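First comes the structure, then the notes that go with it.
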Number of protein chains: 2
Amino acid sequence: MNQVEEILKKNHLSVTGSRQKIMQLFLNSNGALAHADIEKKTGESFDRVTVYRTLQSFVEKGIIHLIPTRDNSIKYALCKDDCEAGHHHDNHVHFICDECSKTICLDDVTVPQVKLPKGFTPQHAEMVVNGICGECK
Amino acid sequence: MNQVEEILKKNHLSVTGSRQKIMQLFLNSNGALAHADIEKKTGESFDRVTVYRTLQSFVEKGIIHLIPTRDNSIKYALCKDDCEAGHHHDNHVHFICDECSKTICLDDVTVPQVKLPKGFTPQHAEMVVNGICGECK
DNA sequence: GTAAATTTGCAACAATGATGCGAAAATTTA
DNA sequence: TAAATTTTCGCATCATTGTTGCAAATTTAC
Ligand SMILES: [Mn+2]
Ligand SMILES: [Mn+2]
Ligand SMILES: [Zn+2]
Ligand SMILES: [Zn+2]
C-alpha cells in the first residue's frame with residue numbers, strides 16, 4: 001500500500017482515481033495549490049465538480065487546509081499530522097512571494113498573540129505575509 | 001460643502017450620486033462593508049457595475065482598504081487619514097466576530113512582526129483574528 | 001453656457017462554485 | 001469472488017461574483 005492510499009484509508013475515504021491523483025499532487029508540490037492549478041495538472045482526467053468535491057472532502061477530513069490570500073483566491077496546502085476531521089489546528093504563518101507568487105506554509109513560524117482591546121475574545125488568528133521568498137531573492 | 005463632498009474633492013474624484021451615497025454608507029457604518037451590503041443598502045439606485053467601480057476607485061485613492069477574510073469574501077473599510085493614492089499603510093489587525101459577523105478595524109492594534117526563516121524578505125503582513133466582539137460577549 | 005472629460009448603465013462575457021440525479025465505481029457482505 | 005450496498009463521479013444546470021466595451025448621461029473646466 002503506497003503513501004497516498006495510506007493517507008486516504010487512515011482518513012476513512014474510499015480510494016478513487018481522483019483522490020489518489022490529487023493527493024499525489026499535494027505530496028509532490030512544495031507550495032500551496034489553487035483549484036485552478038489542480039485542474040491544470042490533472043488535465044482532462046476529471047470533471048471540475050469532482051475536483052471541487054475532492055478538495056472539500058480533504059478539508060473536512062483535516063488533510064488539507066485553506067489559506068486566505070489578499071486577492072481572495074483560495075489556496076490549499078497539506079496539514080500537519082495533528083489536524084483532525086472537523087477541527088484544524090495549524091496555526092502557522094503563511095508566506096506569499098510577490099515574485100513567483102508561490103504560497104508557502106511556514107510550519108515553524110507560529111502566529112503571534114496580540115493584545116486585543118477590552119471585551120474582545122480571540123478564538124483563532126490568521127497571518128499572511130507577502131514579500132520575496134528564499135528562491136527568488 | 002459637506003463631509004462626503006470634501007473627501008471626494010480632496011481625493012480628486014468627481015462628485016457623483018453613487019460616490020456620495022456609498023461614501024456616506026462607510027461614514028455611517030461602524031464596521032466593514034462587503035460589496036453585497038452596499039448593494040443591498042443602495043437599493044435600486046445604482047447598477048452593480050457602478051458599485052464595483054466606485055469601490056475600486058476608492059481603494060485606488062486610498063480612501064478605503066480591503067480586508068481579507070477566512071471565507072474569502074472581500075470586505076472594505078475606511079482608511080485612516082495617512083493613506084495615499086496607490087499606497088496604503090494601514091497595518092492594523094482586523095477582527096471578525098463569529099457571533100454578529102461584523103468586521104472591525106482594530107486601529108490601535110498593529111500587526112506584530114515575526115521572524116521569518118532565512119532568505120525570506122517580508123514586505124507586508126496581514127493579520128485577521130476571529131472570535132467574539134465586545135458587543136456580543 | 002458650452003466643450004471636454006469622466007462616469008454611468010446596459011449587455012455580454014468569464015470565472016468560480018454549488019446542487020440534483022442517474023450511471024459508474026468502490027467497498028462490504030456473504 | 002460475485003452479488004448487494006454504499007459511495008463517488010460526470011453531466012447538466014444554475015447562482016454568484018466580477019470584468020470589459022461602448023454609447024448615453026453627467027460632471028467638470030473654461
Ligand atoms: Mn499552511
Ligand atoms: Mn482596517
Ligand atoms: Zn518566490
Ligand atoms: Zn459581534
Side-chain angles (χ1 to χ4, degrees), chain A residues 1-2 4-25 32-61 63-64 66-76 85 101 103, chain B residues 1-2 4-25 32-61 63-64 66-76 85 101 103:
Chain A
M1 189 158 68
N2 61 42
V4 168
E5 244 182 281
E6 229 167 89
I7 294 173
L8 294 177
K9 289 252 168 80
K10 195 174 66 186
N11 288 282
H12 311 103
L13 287 171
S14 38
V15 179
T16 68
S18 53
R19 288 179 181 161
Q20 288 183 91
K21 191 142 188 186
I22 292 174
M23 178 54 59
Q24 190 63 60
L25 280 182
L33 297 173
H35 173 96
D37 299 326
I38 293 167
E39 224 180 296
K40 216 172 296 162
K41 289 184 191 173
T42 53
E44 314 293 288
S45 326
F46 311 110
D47 191 81
R48 222 160 50 82
V49 177
T50 300
V51 175
Y52 278 112
R53 292 200 267 227
T54 302
L55 290 172
Q56 274 174 19
S57 63
F58 284 179
V59 171
E60 275 158 26
K61 293 293 183 181
I63 305 173
I64 62 178
L66 302 180
I67 303 172
T69 65
R70 202 128 48 88
D71 70 332
N72 268 57
S73 66
I74 304 183
K75 293 271 175 78
Y76 302 87
S101 68
T103 300
Chain B
M1 190 160 63
N2 60 42
V4 168
E5 245 183 281
E6 229 166 89
I7 295 174
L8 294 177
K9 289 252 169 80
K10 196 174 67 187
N11 287 282
H12 311 104
L13 287 172
S14 39
V15 180
T16 68
S18 55
R19 287 177 181 164
Q20 288 182 91
K21 191 140 188 187
I22 292 175
M23 179 54 60
Q24 191 62 62
L25 280 182
L33 297 172
H35 173 96
D37 299 325
I38 293 166
E39 225 180 294
K40 216 172 297 163
K41 290 185 191 172
T42 53
E44 314 293 288
S45 325
F46 311 109
D47 191 82
R48 223 159 50 82
V49 177
T50 301
V51 175
Y52 278 112
R53 291 198 269 227
T54 302
L55 290 172
Q56 273 174 21
S57 63
F58 285 178
V59 171
E60 274 158 27
K61 293 294 184 180
I63 305 174
I64 61 178
L66 302 180
I67 304 172
T69 65
R70 200 128 50 87
D71 69 332
N72 268 56
S73 66
I74 304 183
K75 293 272 174 78
Y76 302 87
S101 67
T103 300

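None of the values given here were measured: they were computed from a predicted structure.
- Of all nucleotides listed (C:dA18, C:dG9, D:dC9), C:dA18 comes nearest to the side chain of A:V49.
- The side chain of A:V15 has C:dT27 as its nearest neighbour among C:dT27, D:dT28, C:dT8.
- With distances taken from any side-chain atom of B:Y52 to the nucleotides C:dT16, D:dT17, C:dC10, the minimum falls on D:dT17.
- Side chain to side chain, A:K75 and A:T103 meet the donor-acceptor criterion of an N or O pair below 3.5 Å.
- Considering only side-chain atoms of A:T16, the nucleotide from C:dG9, C:dT7, D:dC9 that sits closest is D:dC9.
- Taking atom NZ of residue B:K40 and atom P of nucleotide D:dT16, one finds them 12 Å apart after rounding to whole Å.
- With DNA chain C read from its 5' end, the first of the two nearest nucleotides for B:R48 and B:S45 is the one closest to B:S45.
- Side chain A:R53 to base C:dG17: no donor-acceptor pair is found below 3.5 Å.
- For C:dA30, the paired nucleotide is D:dT1, the pair qualifying as Watson-Crick or G-U wobble because both relevant distances are below 3.5 Å.
- As judged by a 4.0 angstrom heavy-atom cut-off over every strand, A:S73 is placed among residues making no nucleic acid contact.
- Heavy atoms of A:Q56 sit under 4.0 angstrom from primed sugar atoms or phosphate atoms, though from no base atom.
- Residue-level contact check: B:R19 touches the backbone only, with heavy atoms under 4.0 Å from sugar-phosphate atoms and none from bases.
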